[in-house]
Amino acid sequence: MTDNSFDPATSDPRWQAAWDDAQTFRADSNSPKPKSYVLEMFPYPSGRIHMGHVRNYTMGDVLARYKRMTGHEVLHPMGWDAFGMPAENAAMEQGVHPGGWTRANIDHMKTQLKRLGFALDWSRELATCEPEYYGHEQALFIDLYEAGLVYRKESEVNWDPVDMTVLANEQVIDGKGWRSGAEVEKRKLAQWFLKITDFAEELLDGLGKLEDWPDKVRLMQENWIGKSSGLEFSFDLSNGDKLPVYTTRPDTIFGASFVAVAADHPVAQGVAADSQAARDFIAECKRGGTTAAELDTAEKLGFDTGITARHPFSGADLPVFIANFVLMDYGTGAIMAVPGHDQRDFEFATKYALPIPRVVAASADEADKAFTGEAEAGEGVLVNSGFLDGMAVDDAAREIIRRLEAEGRGAGKTVWRLRDWGVSRQRYWGTPIPFIHCEKCGVVPAAKDSLPITLPDDVDFRTPGNPLVRHPTWKHTSCPECGGAAERETDTLDTFVNSSWYFLRFASQPADQPCDREEIAKWLPVEQYIGGIEHAILHLLYARFWSRALSHIGLIDVQEPFASLFTQGMVTHETYSRAQDGRAVFYTPAEVKRTGDGAVLQDDGEPVEIGRVIKMSKSKKNVVDPDTIIARYGADAVRWFVLSDSPPERDLPWSEAGIEGCGRFVHRLWRLFAQHGANVQGGVQGADEALDRHIARTVVAVAEDIEALAFNKAVARIYELTSAVEKSPASASRSAAIATLVQLSAPMMPHLAEEAWHALGQDGLVADAPWPAVDPALLVEDEVTIAVQHRGKLRDTLTAPKGAPKDQLEALALGSEKLQRSLDGAEVRKVIVVPDRLVNIVT
RNA sequence: GCGGGUGUGGCGGAAUGGUAGACGCCGGGGACUUAAAAUCCCCUGAGCUUUGCUCGUGCGGGUUCGAGUCCCGCCACCCGCACCA
């Protein structure tokens with residue numbers, strides 16, 4: 001080896017081709033090795049990959065390559081979440097077909113991913129927009145229907161009257177359609193739903209077993225499912241009606257001083273029918289924002305209906321208000337308000353001068369203690385509550401439920417926040433819902449042998465509305481039951497359905513069914529799933545639901561598809577801008593040159609303002625293009641950068657200086673390998689024990705770091721070992737260290753590692769090499785450094801034999817000149833000895 | 001407002017209750033070179049009366065022989081949200 005430079009432009013493609021030719025990363029379902037399924041969330045084919053993808057897929061890749069080296073049969077697939085609105089937007093804006101646009105994007109992005117040298121099994125690639133995928137999804141949808149997990153009901157949508165289309169929430173801006181600017185209407189449509197609520201309890205319980213999921217994600221899902229238990233009972237109203245309310249604090253029932261209903265509650269509507277004031281108030285409630293933050297800070301408002309509600313125990317007449325803080329779609333849309341023990345009720349009661357009785361106190365003798373400006377939601381004993389007095393909160397709640405149930409006036413009830421999943425989308429670019437509307441037979445599933453029901457290609461997006469509805473022939477078919485003329489369902493499925501089972505199809509892709517039970521059992525669950533926190537709730541909950549639902553119908557036997565979940569941080573970059581006509585104009589990093597602590601625009605040399613480091617986004621122009629970076633530094637430098645420095649769960653600030661440093665390190669490593677190749681021919685002898693120990697330590701530590709996904713730490717250790725090897729004189733140990741270093745860096749810098757492996761004269765691919773073995777004897781240190789402290793402050797460090805007895809360490813420490821100077825003759829009162837660590841002298 | 005998280009040099013960050021700042025970036029100095037680039041070596045938390053000492057992990061307390069780490073109370077920022085009765 002005489003060539004002293006490493007050229008990624010020629011080396012990267014060479015090794016990528018070598019892996020392809022050898023089908024190195026093809027997963028064998030029949031392998032006897034232990035399996036490992038490593039999966040990253042598959043991308044939406046938007047057109048180009050971004051740094052977030054690079055970071056996500058590099059993490060998974062390092063793990064996949066490492067797992068291969070440690071003797072696992074690894075499944076590491078890739079595919080495309082290929083249905084969705086951006087393709088239809090492109091169709092409308094650019095006049096291209098969504099399918100053509102999507103497939104071109106896939107081609108391009110696949111090329112980009114290949115440039116990064118990912119160890120992917122491309123033979124299992126799938127795109128959800130292909131009939132080979134969505135046809136099976138249609139079959140699954142029919143299966144779920146037959147199992148009673150699919151139904152239709154009326155539901156409200158955002159309707160854009162100009163574009164004649166349904167809008168997603170994110171497409172409604174200030175109540176107007178994002179494209180047309182038209183006032184959005186609420187329309188009721190019959191839509192398809194999946195019965196996720198049947199699995200609410202299971203999905204909640206299952207979270208407890210997902211120990212390798214972030215607590216944060218589990219908590220978010222728990223809150224989303226939102227189980228609460230309480231009491232539902234009815235008040236008798238002064239107008240003769242009954243008003244059912246739901247409460248989670250039945251124990252505080254004697255503290256109820258008013259009753260409140262939501263603005264769209266039937267009672268409110270009834271009052272509004274002949275009261276202009278009520279109508280005005282209801283309109284006002286609807287004007288305010290509906291987010292939690294808005295509502296929380298908004299003033300509590302109420303409208304006294306004049307109706308009263310008879311308290312079920314005290315018999316008191318409580319006023320009934322319409323209140324802006326009561327939600328119609330939770331519980332019964334009406335509450336008993338207990339101001340003493342609920343902060344919202346407290347604020348309301350204070351504002352409208354309603355009584356605030358105390359019914360829970362720390363002890364019985366504090367029954368009349370005043371409130372200190374806020375409600376008390378804590379534990380205690382019941383007071384001022386008749387037959388409940390003296391009881392603990394939990395016991396009182398049970399007693400109230402028992403009594404009301406015995407009297408047939410109410411019942412304990414569990415209420416969930418989780419609602420059924422609406423999967424209908426009135427769009428073209430999605431999986432056609434495999435149902436047929438027949439005038440005679442009603443809505444019937446398509447025959448399984450008629451699947452896939454494919455999308456028509458001859459559509460145009462110049463006319464408003466869903467092309468499937470407008471298409472001259474597509475929807476016309478015959479009824480599978482009676483054979484008569486019938487129409488296809490023109491709704492398509494939510495794209496979250498596509499991503500709810502793709503990980504199954506990766507593991508097993510028979511032609512005649514969605515997946516094979518045995519093969520699924522072989523590969524699932526996914527050992528490590530990696531993706532963004534933005535999918536913490538919906539995607540991950542839906543995927544868990546689908547696994548359960550498909551298990552429920554006997555297709556697979558997987559309750560939890562993802563054994564371990566990791567959510568990586570975002571890739572960020574500082575922003576560059578100038579104020580122009582009172583607005584900020586942003587510039588891309590490529591247009592800007594950093595100058596020490598400032599930055600100037602390349603074009604005019606004038607300064608630009610350096611803004612906050614935030615997530616890369618097109619609108620702020622703080623993006624760097626992976627292709628440009630790969631072209632300049634090579635794939636390995638980019639991979640190394642996204643693994644370095646920042647812990648993977650935190651944000652990664654991209655910087656030009658940082659990637660340059662990584663590029664330098666790649667070449668530095670190469671020089672080490674290349675020089676060694678030149679030197680080794682003499683056959684170097686001799687051992688270097690310190691280096692041997694360092695290698696052994698590093699091999700173990702890097703393995704631990706990779707398994708913990710602590711890539712930044714693994715990187716630091718490789719830096720350290722590199723420096724140590726560079727500084728060490730020629731020896732057999734050094735030769736061994738260099739081969740080891742190649743193996744250690746192989747998961748992270750696979751191209752360089754292959755090139756070096758080859759140059760060192762090793763056979764085959766380093767991708768197929770095992771993880772380096774370690775002699776356990778080398779991990780045992782025989783000398784340790786002891787810290788010598790005086791009153792907890794470091795005064796000296798000493799070397800001592802490992803395992804030295806306490807008195808020996810104490811004597812050694814007391815012999816330290818530096819310590820004695822610090823002691824300055826003071827009386828030693830106590831000596832703390834921590835074996836192999838430190839001696840602390842207390843005076 | 002509620003829930004969760006984070007806070008350590010100029011920057012990204014290390015650190016089972018036991019030597020704070022590993023490793024990288026930036027910066028400074030030097031070597032090599034006609035010169036530059038590349039590369040290599042050294043320095044790089046602050047302060048001071050500099051063989052060394054003092055201070056220092058958002059702020060204020062506490063526990064401990066010893067606290068970045070544990071406890072209590074604050075502050076700032078980030079993320080999530082559904083007034084869930």
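Bear in mind that the values here come from a model prediction, so they are computed numbers and not experimental data. Every chain is numbered from 1 and lettered A, B, ... according to where its sequence line falls, protein lines coming before strand lines.
- Taking atom C1' on both nucleotides, B/rU54 is separated from B/rG3 by 43 Å, rounded to a whole Å.
- As rounded to the nearest Å, B/rA15 and B/rG7 have P atoms that lie 12 Å from one another.
- Ring to ring, A/Phe348 and A/Phe321 are close: their centroids are under 6.0 angstrom apart.
- Put simply, A/Arg671 has a side-chain N or O that comes within less than 4.0 Å of OP1 or OP2 on B/rC40.
- In this structure, A/Thr567 and A/Glu534 have side chains that are not in contact, with every pair of non-hydrogen atoms separated by 4.5 Å or more.
- Taking atom P in both B/rA38 and B/rU49, the straight-line distance is 39 Å, to the nearest Å.
- The separation of B/rA67 from B/rG62, taken at their C1' atoms, amounts to 11 Å, rounded to a whole angstrom.
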Summary of protein contacts for nucleotides 16-25 of chain B, nucleotide by nucleotide, where a base hit scores B, a sugar-phosphate-only hit scores S (4.0 Å, heavy atoms): B-BB--BSSS
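- Annotated as syn: B/rG9, whose glycosidic dihedral is within 90° of 0.
- In RNA chain B, the stems built from three or more successive Watson-Crick or G-U pairs (distances below 3.5 Å) are B:1-7 with B:75-81, B:10-12 with B:23-25, B:27-31 with B:39-43, B:45-48 with B:52-55, B:58-62 with B:70-74.
- A/Arg417 has no side-chain polar atom (N or O) that falls below the 4.0 Å cut-off from OP1 or OP2 of B/rA85.
- Salt bridge annotation for A/Arg358-A/Glu376: present, with a cationic side-chain nitrogen under 4.0 angstrom from a carboxylate oxygen.
- Counting heavy atoms from C-beta on, the side chains of A/Leu669 and A/Phe6 never come closer than 4.5 Å.
- Between A/Thr843 and A/His790, the closest heavy-atom pair is OG1-NE2, 3.1 Å.
- Residue contacts shown for A/Val326 include a base, since a base heavy atom lies under 4.0 Å away.
- Contact of the A/Glu299 side chain with the A/Asn324 side chain is not registered, since no non-hydrogen atoms from C-beta on lie closer than 4.5 Å.
- Relative orientation of the A/Tyr246 and A/Tyr330 rings is perpendicular, given thresholds of 30° and 60° on the angle between their planes.
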If you look only at distance, which donor and acceptor atoms sit under 3.5 Å apart when one is on a side chain in residues 792-802 of chain A and the other is two or more places apart or in another chain?
unit_1	atom_1	unit_2	atom_2	d
A/Arg795	NE	A/Ser822	OG	3.4
A/Asp796	OD2	A/Ser816	OG	2.7

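- Across B/rG45 and B/rG56, the matching C1' atoms stand 8 Å from one another, rounded to whole Å.
- For the residue pair A/Asp420 / A/Thr197, a side-chain donor-acceptor distance below 3.5 Å is found, with atom types taken as modelled.
- A distance of about 49 Å separates the P atoms of B/rA31 and B/rC77, rounded to the whole Å.
- The shortest side-chain heavy-atom distance between A/Met616 and A/Met570 does not fall under the 4.5 Å cut-off.
- Classification of A/Arg717 and A/Asp705 as a salt-bridged pair holds, one side-chain N sitting under 4.0 Å from a carboxylate O.
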Under 4.0 Å protein heavy-atom contacts per nucleotide of nucleotides 67-78 of chain B, with B for base, S for backbone only and - for none: -----------S
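- Comparing B/rU44 with B/rG10, their C1' atoms are spaced 11 Å from each other, to the whole Å.
- Looking at every heavy atom in both residues, A/Ser644 comes nearest to A/Cys662 through OG-SG, 4.3 Å.
- Nearest-nucleotide positions on RNA chain B place A/Gly226 closer to the 5' end than the other of A/Thr332 and A/Gly226.
- Counting only heavy atoms from C-beta on, A/Lys300 has its side chain closest to B/rC83 among B/rC83, B/rA85, B/rG4.
- For CD of A/Glu609, the number of neighbouring non-hydrogen atoms (other residues, nucleotides, ligands) closer than 6.0 Å is 12 at most.
- Close to B/rC65, at under 4.0 Å from its OP1 or OP2, lies a side-chain N or O of A/Lys830.
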What nitrogen or oxygen pairs link the protein and nucleotides 49-57 of chain B at under 3.5 Å?
unit_1	atom_1	unit_2	atom_2	d
B/rC55	OP2	A/Lys793	NZ	2.9

For residues 722-730 of chain A, please give each side-chain donor-acceptor pair under 3.5 Å, one per line with the distance, not counting sequence neighbours.
unit_1	atom_1	unit_2	atom_2	d
A/Thr722	OG1	A/Ile718	O	2.6
A/Ser723	OG	A/Arg668	NH2	3.0
A/Ser723	OG	A/Tyr719	O	3.4
A/Glu726	OE1	A/Arg668	NE	3.3
A/Glu726	OE1	A/Arg668	NH2	3.0
A/Glu726	OE2	A/Arg668	NE	2.9
A/Ser728	OG	A/Val725	O	2.9
A/Ser728	OG	A/Arg734	NE	3.4

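- Nucleotides B/rC74 and B/rG24 are separated by 42 Å at their P atoms, to the nearest Å.
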